Amino acid sequence: MIEARGLTFAYGASTVLDDVDLTVRPGRVLGLIGPNGSGKTTLLRCLHGGLRPRAGSVAVDGTPVSAMSPAQLAREISVVVQEAGGESTLSVAELVLLGRTAHLGGFVRARPQDEAAARAALVRVGALHLARRDISELSGGERQRVLVARGLAQQAGHLLLDEPTNHLDIRYQHEVLTLLRGLEQTVVVVLHDLNLAAAYCDDLVLLDRGRVAGRGTTSEVLEPDLLRRVYEIDVDRLDRDGRVHLLFTPLARHEEIPA
Ligand code: ADP
C-alpha cells in the first residue's frame with residue numbers, strides 16, 4: 001500500500017502539487033489522470049522518492065519513503081518510464097537483468113536467481129523470444145513490454161508507470177494495459193486516455209492544476225460534469241456491460257465553464 005499525505009511540491013516558485021492525499025490499495029490498479037501540466041508525472045516521482053516534496057509524506061506499507069535506503073526502496077517500488085535509449089547497445093536480456101540491480105547491490109555478476117527472475121519477467125510479458133535482440137531494434141510495442149519486464153524482474157510489490165501507452169498503436173495500448181491488469185502487483189499508472197483509464201483502472205485520482213479534483217473508483221471519478229470542468233471539453237458517458245465509455249466534443253469558444 002502506498003499512502004501520500006499533504007504532498008506539496010514546487011519547481012522554484014511555482015507550486016505544482018498542492019496538498020495532495022492519495023492511497024493506493026494493495027493489488028489495485030490506480031490511474032493518475034488530469035490535463036497536461038496538472039502534475040501527474042511530478043506526483044508519480046514524489047511517490048517513488050525521485051522527488052522530495054516540500055511538505056507532506058509518502059509511506060509504503062507504513063514506512064516513510066524518505067527513511068528508506070535506495071536499495072530498500074527499489075525492493076518496494078519499481079518504476080517504468082519512457083526512455084530514449086535508441087543508441088543503446090544493450091540486448092533485451094541485459095536490459096531486463098538491470099532490473100535486478102537492487103537485489104545485486106550494484107554492478108556484480110548476475111546470480112542464477114537473477115537470470116531466472118529476468119527470464120520469468122520476459123515470459124510474463126510474452127517477450128522471451130526477443131531476449132537476444134538489441135533494444136534499439138525493437139518496435140514501440142516490443143520495447144514497452146521489455147521495459148515492463150525490467151520493472152517486473154525487480155520483483156517489487158508496487159509498479160509505477162508513466163504513460164506506458166505513449167506512442168503505441170491501439171492494439172499495443174490494450175495489450176500493455178491487459179498485461180498490467182493481470183499482475184499481482186499494486187500498480188500506479190499515469191494515463192492520458194480516459195477511455196483506457198475507464199477500461200483498465202480500478203481507481204482513479206484526477207488532478208487539476210496540482211490539486212486532487214476527484215478520487216474514487218473509476219466509475220465515480222469519470223463523471224461528465226467533473227471532466228467537463230477540469231478538461232474544458234463536453235463529455236457524454238455511456239455505461240455498457242459494466243464499463244464506462246466516454247465521448248468528447250470540444251466546447252464552443254464562447255461557452256462558459258461553470259465554476
Ligand atoms: P503532467 O504530468 O500532468 O503533464 P507535470 O508533473 O509533468 O504534469 O508538470 C506539472 C507542471 O510542472 C507543469 O506546469 C510543468 O511545466 C512543470 N514542470 C515539470 N517539470 C519541471 C521542471 N523540471 N522544472 C520546472 N517546471 C517543471
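Whatever order the structure lists them in is the order used to number ligands and atoms, beginning at 1. Just so it is clear, the structure is predicted and the values come from calculations on it, not from any experiment. The basis for the numbers below is simple: all heavy atoms, side chains too, and nothing from hydrogens, waters or symmetry mates.
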In the protein, what heavy atom is nearest to [atom], and what distance, to one decimal place, separates them?
atom                    : result
atom 24 (N) of ligand 1 : Y11 CD2, 3.5 Å
atom 7 (O) of ligand 1  : T41 CB, 3.7 Å
atom 3 (O) of ligand 1  : K40 NZ, 2.8 Å
atom 8 (O) of ligand 1  : G39 N, 3.2 Å

Sub-4.0 Å protein heavy atom near atom 11 (C) of ligand 1: yes
Heavy-atom protein neighbour under 4.0 angstrom from atom 16 (O) of ligand 1: no
Where ligand 1 meets [X] - atom numbers and elements under 4.0 angstrom, heavy-atom basis:
X   : result
T42 : 5 (P), 6 (O), 9 (O)
N36 : 4 (O)
V16 : 10 (C), 11 (C), 12 (O)

R211, CZ: over 12 other non-hydrogen atoms inside 6.0 angstrom: no
Ligand 1 contact by G34, heavy-atom criterion under 4.0 angstrom: no
Whether [X] side chain and [Y] backbone form a donor-acceptor pair below 3.5 Å:
X    : Y    : result
R237 : L222 : yes
R145 : G126 : yes
E142 : A127 : no

Criterion salt bridge (Lys or Arg N to Asp or Glu O under 4.0 Å) on D114 and R111, from CA distance to verdict: CA-CA 5 Å; D114 300 312; R111 303 159 301 179; 2.8 Å; yes
P35 contact mode with ligand 1 (heavy-atom cut-off under 4.0 Å): backbone
Pairs touching residues 9-68 that satisfy ring-ring contact (aromatic ring centres under 6.0 Å, His included), sequence neighbours left out: F9-Y11
For D21, all residues meeting salt bridge (charged side-chain N to carboxylate O under 4.0 Å, His left out), sequence neighbours excluded: none
N or O contact, G37 vs ligand 1, cut-off under 3.5 Å: yes
L168 side chain reached by V176 side chain, heavy atoms, under 4.5 Å: yes
